[in-house]
Q: 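I have a structure here, written as structure tokens, and I will follow up with some questions on it.
Every chain is numbered from 1, with letters handed out A, B, ... down the list of sequences. Side-chain atoms are counted along with the backbone in the values below, which use heavy atoms only and exclude waters and symmetry mates. Because the structure is predicted, anything quoted here is derived from the model rather than measured.
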Protein chains: 2
Amino acid sequence: MPTDKKIELTINDGHAAAPPKAAKKILDVAYDLFYRRGIRAIGVDEIVKRAGVTKPSLYRSFPSKDELAASYLRQYDREYWERFDEAVAAHPGNPRAQISAFLTRVGKRTQRPDYRGCGMTNAAVEYPEHGHPARVVSEANKQELRHRLREMAAAMGAQDPDTLGDGLLLMIEGAYISGQLFGLGGPAASVARNADLLIEASLKK
Amino acid sequence: MPTDKKIELTINDGHAAAPPKAAKKILDVAYDLFYRRGIRAIGVDEIVKRAGVTKPSLYRSFPSKDELAASYLRQYDREYWERFDEAVAAHPGNPRAQISAFLTRVGKRTQRPDYRGCGMTNAAVEYPEHGHPARVVSEANKQELRHRLREMAAAMGAQDPDTLGDGLLLMIEGAYISGQLFGLGGPAASVARNADLLIEASLKK
DNA sequence: TGACAATGTTACCGATCGGTACGTATACAT
DNA sequence: ATGTATACGTACCGATCGGTAACATTGTCA
């Protein structure tokens, strides 16, 4: 059956980068499935099937399903801070505008029909046991978020920077969760406005 | 092998209550395991084993594991509104104090070492597909919460009651999630204070 | 005491879980 | 052409998944 071969060659055309051909495809498919339907809900068989590869290919690139999930989250982490830093870079030296820009963007994201919450938050809910590879990545991401928000709250001139930073984190997490719970028209749509009210009430007078 | 029998009889001694003996035990065990470790993470075998019964007993009282999960959530729902109504009843005619009491209590709960978040929220994360029995219960609970918060925001005299109600919901959900993510000393500890700041900033001046 | 209904138990089902042993195809250097 | 390393596929593993058929035990009322 040479037909399959031809298709493969057509997709993976030319003199592409040699080493990690299947690994990227596997991670891409896993990313999509893990995010949309949950990590525990997806078996490795479905991943390799949709990726057009076989199981041994997966286990040569990733030590286990748990580690594949951790890789998915590390990718998620990179993209997360990309979005965050874009909002920061748009308003240099103005932390309040930076937060506002980020939250406006979060609010919009939560209103998209395919929105499924924060991959980090979801993973932590799916794996409550401490030390699980997926949870480790998730917790690190959240610690970093808390740190940044508290620093920005201080730079804004908040009366109690740690409290304001934590308050913003609560609202952000609430937006992630209620975005997937309520869908369009849910409470997450008002996250930017509510956060702005909270900030205004938390600044030194 | 009559030894097993004897042990069973010793455990299940005397003239115990006849009608729904096993069903309650099953639901109690399932409640604990589902909440602490997640619904997808727990198999029916473990439930019946810990409950000291067998699988057919489970399936005569519950049509499926999904329905058992829904029953767990309905139980959770009853206890949830019990707690909520207690806070409300403690401050008749004073919605702001009611919210404050409820959030103080939520903040305390999130700091307990075995806190694992809101069972409703967790279930919705575990089952993103619409129409799933567990998700149906969860969504109804959250809709009711939104409704109550908006009404209370209106009774408080908020400039924009729907926005304040949704803002409070965001903070509550954020407290549930970050409670299990950060544990002791996490952002959830400040939910009552932050909510109070938000309320103060949202009232008609 | 005997009949009936409810509840409990043993043993099993096919499907799917994450993971692997082992043979095969391909690319490149010599 | 041939050795060699690497990537890939076939076929399979034991364990566990949710769920069930068939049988034994129990309490209740006639």
Q: From the options D:dG19, C:dG19, C:dG8, select the nucleotide whose nearest atom is closest to the side chain of A:Tyr59.
A: C:dG19
Q: Rounded off to whole Å, could you give me the NZ-to-C1' distance for the A:Lys24 and D:dA7 pair?
A: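 To the nearest whole Å, that distance equals 18 Å.
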Q: So B:Lys108 and B:Gln111, do their side chains get closer than 4.5 Å, heavy atoms only?
A: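 Side chain of B:Gln111 against side chain of B:Lys108, heavy atoms only: no contact under 4.5 Å found.
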Q: To the nearest Å, how far apart are B:Ile26 CD1 and D:dG19 P?
A: 14 Å
Q: Return the value, rounded to whole Å, for the distance between atom CD of A:Glu67 and atom P of C:dG19.
A: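 Those two atoms, CD and P, are 10 Å apart.
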Q: State whether A:Phe182 and B:Arg146 meet the cation-pi test: NZ (Lys) or CZ (Arg) under 6.0 Å from the six-membered ring centroid, and within 45° of the perpendicular axis.
A: yes
Q: Honestly, is B:Arg109 close enough over B:Tyr115, meaning NZ or CZ under 6.0 Å from the six-membered ring centre and within 45° of the axis?
A: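 No - B:Arg109 does not lie over the ring of B:Tyr115 by the 6.0 Å and 45° rule.
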Q: To the nearest Å, how far apart are B:Lys65 NZ and C:dA15 C1'?
A: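 Taking atom C1' of C:dA15 as the reference, NZ of B:Lys65 is at 15 Å.
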Q: Hey, is the main chain of A:Gly117 close enough, under 3.5 Å, to the side chain of A:Tyr35 for a donor-acceptor pair?
A: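 Yes: the side chain of A:Tyr35 pairs with the backbone of A:Gly117.
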Q: With sugar-phosphate meaning primed atoms plus P, OP1 and OP2, does B:Ser57 contact a base, only sugar-phosphate, or nothing at under 4.0 Å between heavy atoms?
A: base
Q: Using heavy-atom distances to pick each residue's nearest nucleotide on DNA chain C, tell me which of A:Val44 and A:Pro56 is more 5'.
A: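 In this pair, the answer is A:Val44.
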Q: When you match B:Lys55 and A:Arg40 each to their closest nucleotide on DNA chain C, which lands nearer the 5' end?
A: B:Lys55
Q: How close or far is atom C1' of D:dC13 from atom CG of A:Asp45, stated in whole angstroms?
A: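 Taking atom C1' of D:dC13 as the reference, CG of A:Asp45 is at 13 Å.
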Q: Round to a whole Å and report the spacing from NZ of A:Lys49 to P of C:dC17.
A: 11 Å
Q: Looking only at the side chain of B:Ser64 (C-beta and beyond, no hydrogens), which of the listed nucleotides D:dG19, C:dT9, C:dG19 gets closest?
A: D:dG19
Q: Within the structure shown, what part of the strands sits under 4.0 Å from B:Ile42 by heavy-atom distance: base, sugar-phosphate, or nothing?
A: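 If one applies the 4.0 Å heavy-atom cut-off, B:Ile42 turns out to touch the sugar-phosphate alone, with no base involved.
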Q: Rounded to the Å, how far apart are A:Leu68 CG and C:dG19 C1'?
A: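 Rounded to whole Å, this separation is 13 Å.
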Q: Determine yes or no for a side-chain-to-main-chain donor-acceptor pair under 3.5 angstrom, with A:Asp28 supplying the side chain and A:Ala51 the backbone.
A: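 A pair under 3.5 Å: no.
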Q: For A:Lys25 and D:dG9, give me the distance from atom NZ to atom P, rounded to whole Å.
A: 10 Å
Q: Using only atom types and a distance under 3.5 Å, with no angle test, would you say the side chain of B:Asn194 pairs donor to acceptor with the backbone of A:Leu198?
A: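 Judged by distance alone, no pair lies under 3.5 Å.
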Q: May I ask you to list the residues of residues 31-38 of chain A, by number, that have any heavy atom positioned under 4.0 Å from an atom of DNA chain D?
A: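 Hits under 4.0 Å, by residue number: none.
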Q: By side-chain contact (heavy atoms from CB on, under 4.5 Å), which residues pair with A:Arg37, not counting sequence neighbours?
A: A:Leu33, A:Ile42, A:Glu46, A:Arg50
